[in-house]
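Single-structure report; data block below.
Both ligands and their constituent atoms are indexed starting at 1 by order of listing. Every heavy atom of this structure was used, including side-chain atoms; hydrogens, water molecules and symmetry mates were not.
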Amino acid sequence: MNPSESLPTPTDTRRAVDRELHRWSRIYAGDGYYYGDEPGPMARRAVRYHRPWFRPGATALDLGCGEGQDLAYLAELGYSATGVEFTAEGAAKARRLLSARGVAGAVVEEDLRSWEPAVPYDLVLAVNALQFLGADAPAIVDRLAHWVAPGGVLGLSLFAREEGEAPQEHSVRFFTVDEVLDRFAGWQRLEAAHLWQWNVSNNEPQPFVTLIARKAPPAGRPVIRVPRQTVRG
Ligand SMILES: C[S@@+](CC[C@H](N)C(=O)[O-])C[C@H]1O[C@@H](n2cnc3c(N)ncnc32)[C@H](O)[C@@H]1O
C-alpha cells in the first residue's frame, strides 16, 4: 500500500476527516439516493414525539443530513429546517430534493467540527452521522445538549459498542449505551435502544445505540404524560 493511502490513526483527526469526506463524497456522487428519498424511522419517530409542541415556525436541525431525505420531510411538515452536511455532493442533492418537493430549507455545507448553530433548535436529528467524526465525535455529542432548545426533542443514533470493546476503529467512533445515556441524564427519555440495523455500506448488520429525548421544558411547562391504557383480555 502506498504510505499516503494508509488508514488514519485515531489521533490523526485531519486525515480521518479526509477519509470520511472522500468516502461520503464518492457514495453520493451517483444519480440515485443512497438511503432512498423517503424519511427514515428515526426522523419519523422523533417528529411524532415532538408533535405535541409543534408550532408554526418551529425549527429543526438535521446534522449530517446526507442527501436530505429527512430534511425534506421536516420541511414538508412545516418546520423551518436546516441541514448540515460536509460533502458538496450530499449538500447539492439535499438542495435538489427540497426544490423537487417544492419546500424551503437551508443546507449548510460545513464540517460539524467547526460549525456551531447561532441559536438552539426545537427538534434536532443526528442520525447515523456523528460516529464518523472519529476522535472528535464525543465532544460533538456533548455539544448537542446545547443545540436543543428547552422543551425541544433530540433524535440521535450512533454506532454502538459493548463495554470493553475498542472505542475507535480507523475514523469511526463507537459508543456504549451508557456513554450516550449519561450525557442526557436529566432529559425526559422517550425512547432508548441498543439495536441492530442493516448497514447498507458493508451489507451487514450493525449495532446502534439510539436515543430520543426531550430537554427539560421552560419552568411550568408539562412533560409528556402517557395516558394509561385499558388492557383488554
Ligand atoms: C451514514 S450517513 C447518514 C446520512 C443521513 N443522516 C441519513 O440518515 O441518511 C453519514 C452522514 O454524515 C456526514 N458527515 C460525516 N462526517 C461529517 C462531518 N464531520 N461534518 C458534516 N457531515 C458529516 C456524511 O457526509 C454523511 O452524509
Check: F132 ring centroid to H170 ring centroid under 6.0 Å: no
Aromatic ring proximity Y79/F54, centre distance under 6.0 Å: yes
N or O contact, W24 vs ligand 1, cut-off under 3.5 Å: no
Residue pair A72 / V103: nearest heavy atoms and the distance that separates them: O-CG2, 4.3 Å
Audit row: N128, S157, side-chain hydrogen bond (donor to acceptor under 3.5 Å, both in side chains) steps and yes/no: CA-CA 5 Å; N128 184 14; S157 74; 5.6 Å; no
Contact with ligand 1 for R113, non-hydrogen, under 4.0 angstrom: yes
Parallel, tilted or perpendicular, as decided by the 30° and 60° cut-offs, for the rings of F159 and F208: perpendicular
Options M42, E109, Q69, K93, ranked by nearest heavy atom to atom 7 (C) of ligand 1, top entry: Q69
Atom 20 (N) of ligand 1: the protein heavy-atom neighbour that sits closest, reported with distance to 0.1 Å: L112 N, 3.0 Å
Residue part near ligand 1, for V127, under 4.0 Å between non-hydrogen atoms: both
Residues E67 and R96 bridged, charged N to O under 4.0 Å: no
Region of Y28 that comes within reach of ligand 1 [heavy atoms, distance under 4.0 Å]: side chain
N or O contact, E85 vs ligand 1, cut-off under 3.5 Å: yes
Which of the ligand 1 atoms, numbered from 1, are nearer than 4.0 Å to a heavy atom of E110: 20 (N), 21 (C)
Ion pair E89/R95, N-O distance below 4.0 Å: no
N128 neighbourhood, listing ligand 1 atoms whose heavy-atom distance to it stays under 4.0 Å: 1 (C), 2 (S), 3 (C), 10 (C)
Identity and distance of the protein heavy atom lying nearest atom 6 (N) of ligand 1: G64 O, 2.8 Å
Which of the ligand 1 atoms, numbered from 1, are nearer than 4.0 Å to a heavy atom of A129: 10 (C), 12 (O)
Parallel, tilted or perpendicular: rings of H50 and W53 (30°, 60°): tilted
Mode of F86 contact toward ligand 1 - side chain, backbone, both, neither (heavy atoms, under 4.0 Å): both
Enumerated ligand 1 atoms positioned under 4.0 Å from heavy atoms of D111: 18 (C), 19 (N), 20 (N)
Contact atoms of ligand 1, heavy-atom distance to L133 under 4.0 Å: 16 (N), 17 (C), 18 (C), 19 (N)
Ligand-residue contact atoms, ligand 1 with G66, heavy atoms, under 4.0 Å: 27 (O)
Which segment of T87 sits under 4.0 Å of ligand 1 when only heavy atoms are counted: side chain
Lys NZ or Arg CZ of R19 over W24 ring: under 6.0 Å, within 45°: no
Ligand-side contact atoms (ligand 1) for residue partner F132, heavy atom cut-off under 4.0 Å: 1 (C), 10 (C), 15 (C)
Same apolar cluster: V172 and I140, side chain cutoff 4.5 Å: no
Between E38 and Y73, a side-chain donor and acceptor under 3.5 Å: no
Region of E67 engaging ligand 1 - heavy atom pairs below 4.0 Å: neither
